[in-house]
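The sequence lines fix the lettering, A, B, ..., with proteins before strands; numbering per chain opens at 1.
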Amino acid sequence: MLDINIVRNDIEKVKQAVFNKNEKANLDSLLEIDSKRKALLIECDDLRNKRNVTSKKISKLKSKKQDASSEIQEMKGVSDNIKQLEVNIKALTDELESILLNIPNIPASDVPVGKDPTSNVMVKTWGKRKEFSFTPLPHWEIGKELDILDFERAAKISGAGFTLYKGAGARLERALYNFMLDLHSQEHGYTELFPPYLVNRSSMTGTGQLPKLEEDMYRIPEDDLFLIPTAEVPVTNIHSNEVLSAKELPLHYAACTACFRREAGSHGKDTRGMLRVHQFNKVELVKLVRPETSYDELESLLSVSEKVLQLLGLEYQVLKLCTGDLSFAAAKCYDIEVWSSGVNKFLEVSSCSNFEDFQARRSNIRFRDDDGKIKHVHTLNGSGVALPRTMIAIIENYQREDGTVEIPEVLRPYMNGLEVINKRKKSSQRIISFFS
RNA sequence: GGAGGGAUGGCUGAGCGGUUGAAAGCGCUGGUUUCGAAAACCAGUUGAGGAGAAAUCUUCACGCGAGUUCGAAUCUCGCUCCCUCCGCCA
């Protein structure tokens, strides 16, 4: 949510931002409602003041056992007036808030202006393209052959767009998120969390998924709860309606959760394999920081996410998103895309965003600064990283001509020493037991 | 799911429907004192709006939302959350 004062004082800037983000907002009527509301508020305040003053007078008269009936008569009228005004003000306030909740965040000044992803700017690339002496296969073929991914049966039990990991595939998934969580919590100093997967409407509104994206969310209508589309939602909202002390900042959190997305707007896109699924695991990093540090924090957030891919030996590129590709709540965002040899393209595995105070204002997350003033924190988050596409890249980039898949070295300790996923053998890939 | 109890400022905790935005204590901040510190004493210490150049004035908020009343932290109703007991259960 924007500070309404920015809209009042610099509406052109807001209009430009809305336009650049390919969004729509009812800005002119916002100002109109705002001034109408303010006028009523002043009128109402005057009447309330009158009521307060007279009530005290009535109290005094009564305590002296004097007659106050004329004052009481007068106040009856005043109270009725106030009530009517309050009803009108409430209606305007609701309208104002609903418009305000639908205005997107303003892009940072160094974000390139552009309509669509073609205007995104390449910031860096890392790693060398894997070369193959054969034509690399896509992960759904490798996965089927090795019996580690089963899309048909996933569709049978749930529907299209779900994944069933089996044997070494399931183990690889577990190895991946354990590796990522250990890296972030032990090497990068993030506090590991395990939050609820169901959150209420207010949390979803706080981080900006609602009201705009309700149709993309899975919802439990009986309880008005939502399945989280990302750990960003529960984790950012941990501190909603709190005033943090300056010395607890910055807060750095890491959480691995399942993420649930209806993908309502993307039917028929990336339907093969697990390029785009309704449920997937993701390690998410969330930061609550002092405003003046948030852009430095964004850079370090990006670098710890990159670290994951570097250690896995996966080629990637980093893009700075243009205004038109920026999400509703973000002020600035980097996407990390990992190269995958089978599908032969770059896959987005992370978005690292600074929301400035946009989410903090919606969720009411504040801190007391050293000067004693209470201010909104800045919030950031980034994937560190999303699992399925990382899994795709590993399977496809580490495939070998004989159909086996090599395990990246950093994952081997998490795979109980397994170096290669072979076909045929029982999916448990029996290795030395550490239970004996 | 059933039966009770509760929700007040950073914390503990008072609060007959009428100078209670809120006692008291703790904590915190500043000052006096001290070589310094502690103690003691004095003072300050909620947030969000509005008007104003400013001093300042003013409104709202005692879990949330309605209601009764000239007037609600205080009375009524609904909701949420917490605690205790019973039942059920991973």
Side-chain angles (χ1 to χ4, degrees), chain A residues 1-9 30-101 194-206 210 219-226 234 237-249 251 258 357-377:
Chain A
M1 189 156 56
L2 295 182
D3 184 346
I4 190 161
N5 286 313
I6 293 177
V7 189
R8 282 177 187 147
N9 300 333
L30 177 90
L31 288 187
E32 206 176 299
I33 293 164
D34 181 47
S35 63
K36 211 186 287 177
R37 176 174 169 275
K38 196 182 277 188
L40 290 186
L41 220 45
I42 290 169
E43 192 183 343
C44 191
D45 272 9
D46 279 349
L47 288 177
R48 279 168 168 162
N49 180 240
K50 189 172 179 185
R51 182 178 69 184
N52 289 344
V53 170
T54 310
S55 282
K56 279 177 188 166
K57 191 171 159 197
I58 292 170
S59 164
K60 274 185 192 155
L61 287 173
K62 286 208 162 186
S63 69
K64 290 183 198 155
K65 307 248 189 273
Q66 290 175 350
D67 177 56
S69 54
S70 73
E71 282 81 1
I72 288 175
Q73 258 325 305
E74 192 193 351
M75 281 310 103
K76 275 187 179 167
V78 170
S79 268
D80 287 345
N81 267 339
I82 290 174
K83 263 174 202 158
Q84 190 50 51
L85 281 170
E86 280 173 343
V87 169
N88 296 342
I89 290 168
K90 174 82 161 60
L92 292 174
T93 305
D94 289 350
E95 210 175 330
L96 205 62
E97 180 162 300
S98 113
I99 296 175
L100 219 43
L101 281 174
F194 190 74
Y197 288 5
L198 285 165
V199 296
N200 58 30
R201 182 172 286 276
S202 139
S203 295
M204 289 291 267
T205 307
L210 297 183
R219 179 176 164 216
I220 286 84
E222 289 84 350
D223 305 291
D224 204 27
L225 292 172
F226 297 81
N237 280 290
I238 288 173
H239 297 290
S240 64
N241 297 313
E242 290 184 17
V243 179
L244 301 159
S245 74
K247 60 173 184 284
E248 2 180 12
L249 299 178
L251 288 166
D357 63 3
F358 188 84
Q359 294 180 325
R361 183 167 278 114
R362 287 171 161 244
S363 286
N364 194 28
I365 310 170
R366 298 176 295 170
F367 75 105
R368 190 178 294 279
D369 209 345
D370 300 326
D371 59 9
K373 293 253 167 60
I374 290 181
K375 302 168 182 168
H376 289 99
V377 300

Any side-chain heavy atom of A:Asn241 within less than 4.5 Å of one from A:Arg366? no
Base, sugar-phosphate or nothing for A:Arg37? Non-hydrogen atoms, less than 4.0 Å. nothing
Side chain proximity check, A:Leu210 to A:Phe226, heavy atoms < 4.5 angstrom: yes
CD of A:Glu97: more than 12 outside heavy atoms within 6.0 angstrom? no
Do the side chains of A:Asn200 and A:Asp224 get nearer than 4.5 Å, heavy atoms only? no
Students often get this wrong, so: under 4.0 angstrom with heavy atoms, is A:Lys62 touching a base, only sugar-phosphate, or nothing? base
RNA chain B nearest-nucleotide lookup for A:Lys38 and A:Ile374: closer to the 5′ end is A:Ile374
Span that lies between the P atom of B:U59 and that of B:A72, in whole angstrom: 13 Å
For atom C1', what is the distance between B:G71 and B:U12, given to the nearest Å? 31 Å
Hey, does A:Asp46 reach any base, or is it just sugar-phosphate, or nothing, if we go heavy atoms under 4.0 Å? nothing
Backbone N or O of A:Ser240 within a donor-acceptor pair of the A:Asn237 side chain at under 3.5 Å? no
Note, A:Phe358 side chain near A:Leu2 side chain (heavy atom, < 4.5 Å): yes
Heavy atoms only, 4.0 Å cut-off, all strands: where does A:Arg8 land among base, sugar-phosphate and nothing? sugar-phosphate
Please say whether more than 12 non-hydrogen atoms of neighbouring residues, nucleotides or ligands are located less than 6.0 Å from NZ in A:Lys375. yes
Assign each of A:Ile42 and A:Arg366 the nucleotide of RNA chain B bearing its closest heavy atom; nearer the 5' end lies the nucleotide of A:Arg366
When the C1' atoms of B:G78 and B:G25 are considered, how many whole Å apart are they? 36 Å
Residue pair A:Leu198 / A:Asp223, side-chain heavy-atom distance below 4.5 Å: no
Need one value for A:Ile58: base, sugar-phosphate or nothing, where a base atom within 4.0 Å counts as base even if backbone is also close, heavy atoms only. base
Suppose you measure atom P in B:A55 against the same atom in B:A38; what distance do you get, rounded to whole Å? 34 Å
Which ones in residues 86-97 of chain A lie close to RNA chain B, meaning a heavy atom under 4.0 Å from one of its atoms? none
Show me the dot-bracket string of RNA chain B, counting Watson-Crick or G-U pairs under 3.5 Å, with | for pairs to another strand and [ ] for crossing ones. ((((((((.[[[..)..(.....]]]((((((.......))))))((((((....)))))).[[[[[..)....]]]]])))))))....
With the side chain counted from C-beta on, respond yes when A:Asp67 and A:Leu61 share a heavy-atom pair under 4.5 Å apart, and no when they do not. no
Student check: side-chain heavy atoms of A:Arg219 and A:Leu225 closer than 4.5 Å: no
Interface limits on RNA chain B, where chain A has a heavy atom under 4.0 Å of a nucleotide atom: B:G18 to B:G71
Decide yes or no on salt bridge (Lys or Arg N to Asp or Glu O under 4.0 Å) for A:Lys83 and A:Asp80, but give the supporting numbers first. CA-CA 5 Å; A:Lys83 263 174 202 158; A:Asp80 287 345; 5.2 Å; no
Atom C1', compared across B:U74 and B:U68: separation rounded to whole Å: 13 Å
Is there side-chain contact between A:Leu30 and A:Val7, with at least one heavy-atom pair below 4.5 Å? yes
Using the C1' atom in both, what is the distance from B:G9 to B:A23, to the nearest Å? 13 Å
Taking the same atom, P, in B:C41 and in B:A24, what whole-Å distance lies between them? 15 Å
Would you measure the distance from the P atom in B:C79 across to the matching atom in B:G87 and give it in whole Å? 26 Å
Using a 4.0 Å heavy-atom cut-off across all strands, classify A:Lys56 as base, sugar-phosphate, or nothing. nothing
